[in-house]
Amino acid sequence: LLFIASMVTLGFADFATKQASGRISPALGTLIYAASAMAPALAWTLWTKANGSLVISRAGIGWSIATGLAFGVFAGLLFFLFSHGVNLSLGVPVIRLGGIAFASVLGIAVLREPFNLQSVAGYILAALGILLIAMR
């Protein structure tokens with residue numbers, strides 16, 4: 001259920017970004033995105049603190065900052081691409097599938113996660129999918 005909720009939330013975020021693009025400067029859209037993203041995170045943090053304790057470490061803080069910076073740049077790039085006419089039905093699949101492939105490579109190469117022939121076939125199919133979507 002959480003996977004489905006994550007997919008729906010991510011898909012709606014892409015849709016909302018496309019709807020905002022061209023109606024607001026990409027820089028301002030990204031700033032508003034970042035500021036509004038703090039509301040649910042703050043509420044969740046306060047609820048967690050009130051009902052237990054928060055885990056914190058230097059590495060956790062550093063990687064959380066890296067996550068925020070990456071999503072901030074990503075959101076800015078989406079606003080920029082969509083404001084320059086990239087279609088939602090083309091841009092999102094190409095970007096997401098490429099990002100999935102990149103994250104998978106990092107998991108295998110950096111985190112030493114296991115992979116097998118089935119995984120390799122999946123990556124090849126994803127690459128072909130990106131190619132087919134991009135060539136339409």
Side-chain angles (χ1 to χ4, degrees):
L1 191 58
L2 289 176
F3 282 103
I4 293 169
S6 298
M7 287 183 242
V8 169
T9 303
L10 183 59
F12 182 76
D14 289 337
F15 176 77
T17 303
K18 176 64 175 173
Q19 290 296 96
S21 296
R23 296 181 171 124
I24 192 167
S25 158
L28 184 56
T30 303
L31 178 63
I32 292 170
Y33 148 76
S36 61
M38 286 184 59
L42 178 60
W44 189 11
T45 300
L46 293 174
W47 183 87
T48 301
K49 180 67 175 157
N51 293 291
S53 63
L54 297 170
V55 176
I56 189 167
S57 70
R58 274 191 204 181
I61 291 171
W63 284 110
S64 295
I65 290 170
T67 301
L69 291 172
F71 272 116
V73 170
F74 172 71
L77 291 169
L78 273 187
F79 272 104
F80 185 79
L81 288 168
F82 290 153
S83 69
H84 282 81
V86 172
N87 291 332
L88 182 69
S89 61
L90 171 67
V92 168
V94 170
I95 293 166
R96 295 286 181 200
L97 288 172
I100 290 166
F102 180 65
S104 295
V105 167
L106 288 175
I108 292 165
V110 177
L111 301 178
R112 303 283 190 235
E113 295 176 352
F115 73 100
N116 55 27
L117 191 56
Q118 182 178 340
S119 298
V120 173
Y123 299 136
I124 291 169
L125 288 172
L128 289 172
I130 294 169
L131 185 63
L132 288 171
I133 291 168
M135 291 178 57
R136 64 178 172 148

Salt bridge (charged side-chain N to carboxylate O under 4.0 Å, His left out) pairs touching residues 27-42, sequence neighbours excluded, are none

Scanning both residues in full, the closest heavy-atom pair of S64 with G60 reads OG-O, 2.7 Å

Residue pairs meeting salt bridge (charged side-chain N to carboxylate O under 4.0 Å, His left out), one or both in residues 96-107, sequence neighbours left out, come to D14-R96

Joining Ile, Leu, Val, Met, Phe, Trp and Tyr whenever any side-chain heavy atoms lie under 4.5 Å apart, the cluster holding L132 also takes in none

Sequence neighbours excluded, the answer for side chain to side chain contact (heavy atoms under 4.5 Å, CB included) partners of V73 is L77

Scanning both residues in full, the closest heavy-atom pair of S83 with P26 reads OG-CG, 3.6 Å

Atom pairs and distances, donor-acceptor, side-chain atoms in residues 43-53, under 3.5 Å, two or more places apart:
residue, atom, partner, partner atom, Å
T45, OG1, A41, O, 2.8
T48, OG1, W44, O, 2.8
N51, ND2, W47, O, 2.8

Residues at least two apart in sequence or cross-chain that pass side chain to side chain contact (heavy atoms under 4.5 Å, CB included) with S57, listed by chain then number, are A59

Apart from L10 itself, members of its ILVMFWY cluster (side-chain separation under 4.5 Å) are none

The remaining residues in the hydrophobic cluster of L81, counting side-chain heavy-atom contacts under 4.5 Å among Ile, Leu, Val, Met, Phe, Trp and Tyr, are F12, F15, I24, L28, L31, I32, Y33, F71, F74, L78, F79, F82, V86, L88, V92, I95

Heavy atoms of A37 and P40 approach each other most closely as O-CD, 3.5 Å

Contacts under 3.5 angstrom, residues 101-117 side chains, donor-acceptor by atom type, not counting sequence neighbours:
residue, atom, partner, partner atom, Å
S104, OG, I100, O, 2.9
R112, NH1, A109, O, 2.7
N116, OD1, Q118, N, 3.0
N116, OD1, S119, N, 2.9
N116, OD1, S119, OG, 3.3

Residues 55-81 vs salt bridge (charged side-chain N to carboxylate O under 4.0 Å, His left out), sequence neighbours excluded, gives none

Using a 4.5 Å side-chain heavy-atom cut-off and chaining through intermediate ILVMFWY residues, the residues clustered with L131 come out as M135

Contacts of L1 meeting side chain to side chain contact (heavy atoms under 4.5 Å, CB included) (sequence neighbours excluded), chain-then-number -> none

V94 and I133 have their tightest heavy-atom pair at CG2-CG2, 3.9 Å

Value for CG (L2) from OG1 (T9), rounded to nearest 0.5 Å, stands at 10.0 Å

